[in-house]
4 protein chains.
Amino acid sequence: MLNRVILVGRLTKDPELRYTPNGVAVANFTLAVNRAFTNQQGEREADFINCVVWRKPAENVANFLKKGSLAGVDGRVQTRSYDNNQGQRVYVTEVMAESVQFLEPKNANAGGGGGGQYPQYQQGQGNQFNAPSTDRGYGQQQNQNPKRNNFNEDPFANDGTPIDISDDDLPF
Amino acid sequence: MLNRVILVGRLTKDPELRYTPNGVAVANFTLAVNRAFTNQQGEREADFINCVVWRKPAENVANFLKKGSLAGVDGRVQTRSYDNNQGQRVYVTEVMAESVQFLEPKNANAGGGGGGQYPQYQQGQGNQFNAPSTDRGYGQQQNQNPKRNNFNEDPFANDGTPIDISDDDLPF
Amino acid sequence: MLNRVILVGRLTKDPELRYTPNGVAVANFTLAVNRAFTNQQGEREADFINCVVWRKPAENVANFLKKGSLAGVDGRVQTRSYDNNQGQRVYVTEVMAESVQFLEPKNANAGGGGGGQYPQYQQGQGNQFNAPSTDRGYGQQQNQNPKRNNFNEDPFANDGTPIDISDDDLPF
Amino acid sequence: MLNRVILVGRLTKDPELRYTPNGVAVANFTLAVNRAFTNQQGEREADFINCVVWRKPAENVANFLKKGSLAGVDGRVQTRSYDNNQGQRVYVTEVMAESVQFLEPKNANAGGGGGGQYPQYQQGQGNQFNAPSTDRGYGQQQNQNPKRNNFNEDPFANDGTPIDISDDDLPF
DNA sequence: TTTT
DNA sequence: TTTT
């Protein structure tokens, strides 16, 4: 049935990249999407929308987006539930991104005192990461994001750590 | 910023209509949206997506949709949080419907043993409830839904009951 | 870049199914989408939006939709141009449907004097035709639509006729 | 009925601003939206999608966007027809933008040899122009776009010129 | 050239 | 008649 979401917003934090035991990449990030209108107090609020993305686009997200990046998402609303450690059922609504568009200018965060230039990447001029139909991103992947590799205290904190989810849980 | 959701699905229950202390109508309902693909087990799953709608369209939803109705929603993803009675912060992601389209044929649930015909309503042939820009739906509203009026044990259970929310919390 | 269209409307005519010389199915149809608002004269107008769909979903559209059918489309806006027989360049804007959802109740047009029951098809309860990533619909295809097979004067008028387009023109 | 389009792309030219005889602003522009995929020749193509926007957002578009600007559009697909000077009926499909989001960084085109800084405007950090429900933009409007006022050969070429359309033709 |  |  029809289920389509399109968002443009900014990442509230660096994306988190994980791998399933079978080596499939998954990235999580939250988009802050400013509302078009102001509330009674005249303040502009934002919605903080959790997004998931799988496989190659997950790795692209981890490599090319970071806290504050402007990004567009085209995907679906998905719901799931799990039991937390207090034994309560928790219901989750999130956006499964099918494609993510990178909306920062290519020289964003460049200049100034020292580094920060985004790595060389070009897929034509689209700057869009689409879910590939076939190639599964098996195995450990080299994170090419200099930000993450060079400047974090622990650059591997969230990278390559298998997470407790089987491929049977994959949504496709 | 861009924030758009379009859904087509079926109501999992009758919609719940409430009024703010100032008499503004709000309806809540959940859409079951079947996924286009099947999971590893070959089963077709569904997403259960909570929706809110305000003012006149809220009353239309309460009057013309019920459990099982096929409906289309055009709206925005919104997030909010509140503290539950265990003192934990709960985060909610839901769809704020700006317009709701009624997709059942006009004679749905008609015929057979006794009633169930939908009340006479026609806004051209669109069958779509749009958020009015101005007219605020103050005061008690006559629920014209025969289903709700005639067959529920307590037809007013969820109708017209002011809820603990001030107009300051209204999103527009 | 982000390019997403979602429509719900009714077919203005039976869809037209063609095949490229390489045997790839293409269907064209026009959706009449009623506007949510009325014009100055108080009339509700409609937009007549041309849609194209490729491969397996094209055949599903031809088999299961007909003039007047209610359908949902999830796709992209595409533009192209060609030179007409007067030697003028003609610009075309149309919707490339990636998935088409069949919104008629399963027994639509059934009953009454004589046939018309839709053929048995079930993909769960989704009734949605998605573009398959791989299987190319080569070769002549058996049209299972009883309407088209049994009641048209020339049931093959628009079926299986190769059209003058090479696979190089395919959008994917 | 559901009719929703979301686009992100770049203006192919400066927008054209007109006024109806009643003083209602209308802007036209074309978005070049790069496709996510490449064609058989490995080239990335684009769709060139004509957009219209009315009233205040029309003036914002004229003031803040120009050739090459990156913009997001949330709107509807509309169709209309007219008879051209050869007496042929011409069918037009375009996007009626309900809101337009300005996606350039605020200092875009700044620096370098000579001017080009965007005028001071701020609606929070949203940079989004929404169709106001009420205020009609009557009368001649001061175009505040320095680009258009200062650097064009004929800065008023397309501004403030009443066009031959009555308010009865307005879509809302 | 338009659908219910 | 097309944008980066």
Side-chain angles (χ1 to χ4, degrees), chain A residues 101-108 122-128, chain B residues 101-108 122-128, chain C residues 1-3 7-16 28-35 43-51 65-73 79-81 83 88-93 103-105 108-109, chain D residues 1-3 7-16 28-35 43-51 65-73 78-81 83 88-94 103-105 108-109:
Chain A
Q101 189 188 3
F102 179 31
L103 291 168
E104 294 292 323
K106 269 173 299 272
N107 55 344
Q122 232 357 324
Q123 355 168 265
Q125 25 186 342
N127 297 357
Q128 186 164 320
Chain B
Q101 189 187 3
F102 179 31
L103 290 167
E104 295 292 322
K106 270 173 296 273
N107 54 344
Q122 230 2 319
Q123 355 168 264
Q125 24 183 344
N127 298 357
Q128 187 163 320
Chain C
M1 285 164 145
L2 289 179
N3 180 338
L7 303 171
V8 170
R10 292 187 181 278
L11 291 242
T12 60
K13 295 185 307 194
D14 287 357
E16 294 192 7
N28 290 278
F29 59 97
T30 300
L31 274 190
V33 182
N34 297 311
R35 296 189 178 167
E43 308 151 341
R44 182 173 304 274
E45 292 175 85
D47 295 291
F48 299 97
I49 302 166
N50 296 319
C51 300
L65 298 180
K66 60 180 203 298
K67 181 176 176 175
S69 298
L70 188 67
V73 159
T79 59
R80 57 188 171 85
S81 64
D83 294 309
Q88 314 168 269
R89 189 140 215 91
V90 180
Y91 295 90
V92 177
T93 299
L103 290 167
E104 295 291 322
N109 295 85
Chain D
M1 283 164 146
L2 289 179
N3 181 339
L7 303 172
V8 170
R10 292 187 181 277
L11 292 243
T12 59
K13 295 185 307 194
D14 288 357
E16 295 191 6
N28 290 278
F29 59 97
T30 299
L31 276 190
V33 182
N34 297 311
R35 295 190 178 166
E43 309 151 340
R44 183 174 304 274
E45 292 175 86
D47 295 291
F48 299 97
I49 303 167
N50 296 318
C51 300
L65 298 180
K66 60 180 203 298
K67 181 175 175 175
S69 298
L70 188 67
V73 159
Q78 292 204 161
T79 58
R80 58 187 170 85
S81 63
D83 294 309
Q88 313 168 269
R89 189 141 217 89
V90 180
Y91 294 90
V92 177
T93 299
E94 62 203 350
L103 290 167
E104 296 291 321
N109 296 86

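Everything numeric in this text was worked out from a predicted model, so none of it was measured. Just so we're on the same page: letters track the sequence lines, and every chain starts at 1. We use all heavy atoms of the structure for the numbers below, so side chains are in, but hydrogens, waters and symmetry mates are not.
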With the side chain of [X] defined as its heavy atoms from C-beta on, choose the nearest nucleotide among [options].
X: D/Thr12; options: F/dT2, E/dT3, E/dT1; value: F/dT2
X: C/Ala46; options: E/dT3, E/dT2, F/dT3; value: E/dT3
X: D/Tyr91; options: F/dT1, E/dT2, E/dT3; value: E/dT2
X: D/Arg10; options: F/dT3, E/dT2, F/dT1; value: F/dT3
X: C/Asn34; options: E/dT2, E/dT3, F/dT3; value: E/dT3
X: D/Arg89; options: E/dT2, F/dT2, E/dT1; value: E/dT1
X: D/Phe48; options: E/dT2, F/dT3, F/dT1; value: F/dT3

Can you check side chain to side chain contact (heavy atoms under 4.5 Å, CB included) on D/Leu7 and C/Met1, steps first, answer last?
CA-CA 8 Å; D/Leu7 303 172; C/Met1 285 164 145; over 6 Å; no
For C/Lys13, report the nucleic acid contact type (base, sugar-phosphate, nothing); a contact means any heavy atom under 4.0 Å.
nothing
Within the 4.0 Å heavy-atom criterion, would you say C/Gly9 contacts the bases, only the backbone, or no part of the nucleic acid?
nothing
Value in whole Å for how far the [atom2] atom of [N] lies from [atom1] of [X]:
X: D/Arg35; N: F/dT2; atom1: CZ; atom2: P; answer: 15 Å
X: D/Asp47; N: F/dT3; atom1: CG; atom2: C1'; answer: 12 Å
X: D/Leu31; N: F/dT1; atom1: CG; atom2: P; answer: 20 Å
X: C/Lys66; N: E/dT2; atom1: NZ; atom2: P; answer: 20 Å
X: A/Leu103; N: F/dT3; atom1: CG; atom2: P; answer: 20 Å
X: D/Glu16; N: F/dT1; atom1: CD; atom2: C1'; answer: 11 Å
X: C/Glu43; N: E/dT2; atom1: CD; atom2: P; answer: 15 Å
X: D/Asn28; N: F/dT3; atom1: CG; atom2: P; answer: 18 Å

Spacing of CD belonging to C/Glu104 relative to OG belonging to C/Ser69, to within rounding of 0.5 Å:
5.0 Å
Thinking salt bridges, do C/Asp14 and C/Lys66 make one under a 4.0 Å N-O criterion?
no
With sequence neighbours left out, the residues meeting side-chain hydrogen bond (donor to acceptor under 3.5 Å, both in side chains) with C/Asn28 are none
Residues at least two apart in sequence or cross-chain that pass side-chain contact (heavy atoms from CB on, under 4.5 Å) with C/Glu43, listed by chain then number, are C/Asn39, C/Gln41
